[in-house]
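Notes follow the structure.
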Amino acid sequence: MIVSLILVVLITFVASLLLTKLARKVAIKFHIGDEPGPRKVHKVFTPYLGGAAILFSVAIGTIISVVLLPKVAGPVPKHYYVLGLSCVFIAFVGLFDDLRGFRFSTKFYCQILAAILVVVGGLKFDTIYLPLMGTIHLGVFSFVFTLFWIVFITNAINLLDGLDGLASGVSTIIFIIFAIISLQSGRTLVALINIIFIAANLGFLRYNFHPASIFMGDTGSLFMGFSVSVISLEVGRIGDTQTLNCIIPLTVMAVPALDTAVSFLRRASKRMHPFMADKEHIHHRLMSIGFSHSNAVKVIYLFSAVTGIMGLSFVWLDVKSIITVLLIGVIFSTLLILSLIHISEP
């Protein structure tokens, strides 16, 4: 099994390398990419379609795993097929946006539609578990909760895609932690899915590190964000129940989740469109106080690794220890965010 797993990883990784290189050539030939601008960090035209390479690499890895790892890959729960189709759908929404352009409202409605498909397909939770508060019954809000979770996390990853290697790198860290948690709980299929995403991301990152020669575009950021959101729900599921342990996946995804939440509240306080692009995300703040492009990305990688390890530790800690770690994390995060805002504002 180990040899077969290594083959799956290598094939997915090599496929990602080759497809990313091919996608770059196609994007340059047809001038599909992002031009420099006042809100952009890059200074030259950079091709898109890296997300398409990730998508097809994941598909190749999935097909190979069915052949080489049948005991791990199957039997596949029926709702997983709906999850896969929904992820592909949202990726093609992003691809059309990269090629032709969509208004944000259209992309947002498509995210909601894809999320509805996921819930109707069987991925929903009747109750959630929170330390100290215990189990909370959602009742009629079950559908809305799952819908909100998927759309929020999808946009959190999408909005994080502001520096070279940032969204893909942070997603890779999240997938690594999710894979470990899944293995610990005996969910080998979920772990395998995360491993395939890790391999696909690493192949793309070879060309996306600063200075990036290709971007993932909305094809990749929407596909990545949507995939992270639905996988996080499976990782947070308690056993085979319809109960979600929110704290573990949310802590693992704390960096993109906090960045999006703070940005949303900041824009709302200024009566701006909550999803209007700006240069006030955490990575922009780091650069505004003197961090280089590469170092800003590395710092956020470090934060993601720390929150990921925190979330992983909750698998073994008792409730009292979890609350203690969370309080320390909240205090540190609050001080950090306030410091960044204070230092970078004139």
Side-chain angles (χ1 to χ4, degrees), residues 16 19-20 22-42 44-59 83-118 147 150-168 170-171 197 200-201 204-205 207-208 212-230 256 259-260 263-264 267 272-279 281 283:
S16 182
L19 289 173
T20 302
L22 176 62
R24 183 175 180 274
K25 290 181 179 180
V26 172
I28 291 175
K29 180 178 180 179
F30 295 98
H31 201 74
I32 304 169
D34 199 22
E35 298 285 355
R39 290 191 295 103
K40 309 293 178 63
V41 176
H42 59 284
V44 297
F45 169 80
T46 306
Y48 281 153
L49 299 186
I54 296 174
L55 170 64
F56 287 109
S57 299
V58 169
L83 298 184
L85 290 174
S86 300
C87 289
V88 172
F89 166 73
I90 205 66
F92 276 93
V93 169
L95 178 60
F96 191 89
D97 184 52
D98 289 338
L99 297 176
R100 299 291 182 180
F102 268 144
R103 290 193 304 177
F104 172 79
S105 59
T106 304
K107 290 189 290 183
F108 188 69
Y109 293 143
C110 287
Q111 291 174 34
I112 294 176
L113 174 60
I116 290 174
L117 291 174
V118 168
L147 201 70
I150 293 173
V151 173
F152 176 75
I153 298 301
T154 298
N155 281 284
I157 300 296
N158 186 28
L159 294 173
L160 193 67
D161 190 26
L163 295 181
D164 298 349
L166 185 57
S168 188
V170 169
S171 296
F197 269 96
N201 268 350
F204 166 74
L205 275 170
Y207 300 96
N208 188 236
S213 60
I214 187 171
F215 292 156
M216 67 166 63
D218 270 358
T219 311
S221 59
L222 287 178
F223 174 60
M224 199 66 59
F226 198 86
S227 299
V228 168
S229 70
V230 295
D259 183 46
T260 300
S263 297
F264 184 90
R267 292 162 187 166
M272 297 169 57
H273 191 292
F275 295 104
M276 181 179 292
D278 60 27
K279 295 186 71 174
H281 289 276
H283 47 277

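The analysis underlying the following values was restricted to heavy atoms, covering all of them including side chains, and did not include hydrogens, waters or symmetry mates. These numbers come from a predicted model, not from an experiment.
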Spacing of F45 atom CZ and H31 atom NE2 [to the nearest 0.5 Å]: 4.5 Å
So, do S86 and V230 sit near enough that their side-chain heavy atoms are less than 4.5 Å apart? no
Mind running side-chain contact (heavy atoms from CB on, under 4.5 Å) on N208 and L205 for me, showing each step along the way? CA-CA 5 Å; N208 188 236; L205 275 170; 4.2 Å; yes
Side-chain heavy atoms of L147 within contact of V118, under 4.5 Å: no
What's the spacing between F223 CZ and F89 CZ if we round to 0.5 Å? 14.0 Å
Looking at CG of L49 and CG of L99, how far apart are the two atoms once the value is rounded to the nearest 0.5 Å? 6.5 Å
CA sep, side-chain torsions, deciding dist, call: I90, L113, side-chain contact (heavy atoms from CB on, under 4.5 Å): CA-CA 9 Å; I90 205 66; L113 174 60; over 6 Å; no
Side-chain touch L160/D259, heavy atoms, less than 4.5 angstrom: yes
What's the spacing between T46 OG1 and I32 CD1 if we round to 0.5 Å? 14.0 Å
Check for a donor-acceptor pair, side chain of N155 on one end and backbone N or O of V151 on the other, with a separation under 3.5 Å. yes
Determine whether N201 and M224 make a side-chain contact, defined as any pair of heavy atoms from C-beta on separated by less than 4.5 Å. yes
Over all heavy atoms of both residues, which pair between P47 and R24 is shortest? Give the atoms and the distance, please. CG-CG, 3.9 Å
Here the gap from S229 atom OG to F152 atom CZ, rounded to the nearest 0.5 Å, amounts to 11.5 Å
Search all heavy atoms of G50 against all heavy atoms of F204 and return the closest pair with its distance. CA-CE1, 3.6 Å
side-chain hydrogen bond (donor to acceptor under 3.5 Å, both in side chains) involving T20 - partner list, sequence neighbours excluded: none
Are the side chain of S16 and the backbone N or O of A200 linked by a donor-acceptor pair below 3.5 Å? yes
Name all residues meeting the salt bridge (Lys or Arg N to Asp or Glu O under 4.0 Å) criterion together with D98; count only those two or more places apart in sequence or in a different chain, and write none if there are none. none
Pairwise side-chain contact, D97 with V93, heavy-atom cut-off 4.5 Å (strictly under): no
Taking side chain as C-beta onward, heavy atoms only, is Y48 less than 4.5 Å from T219? no
To the nearest 0.5 Å, how far apart are OG in S227 and CG in L55? 8.5 Å
Tell me if the aromatic rings of F108 and F102 count as close, with their centers under 6.0 Å from one another. no
Does any part of the side chain of F197, heavy atoms only, come nearer than 4.5 Å to the side chain of V228, both counted from C-beta? no
What pair of heavy atoms forms the shortest contact from S221 to N158, and how long is it? OG-OD1, 2.6 Å
Please find the pair of heavy atoms, one from P256 and one from V170, that lie closest to each other, and give the distance. CD-CG1, 4.2 Å
Side chains of I157 and D161 in contact at under 4.5 Å (non-hydrogen atoms): no
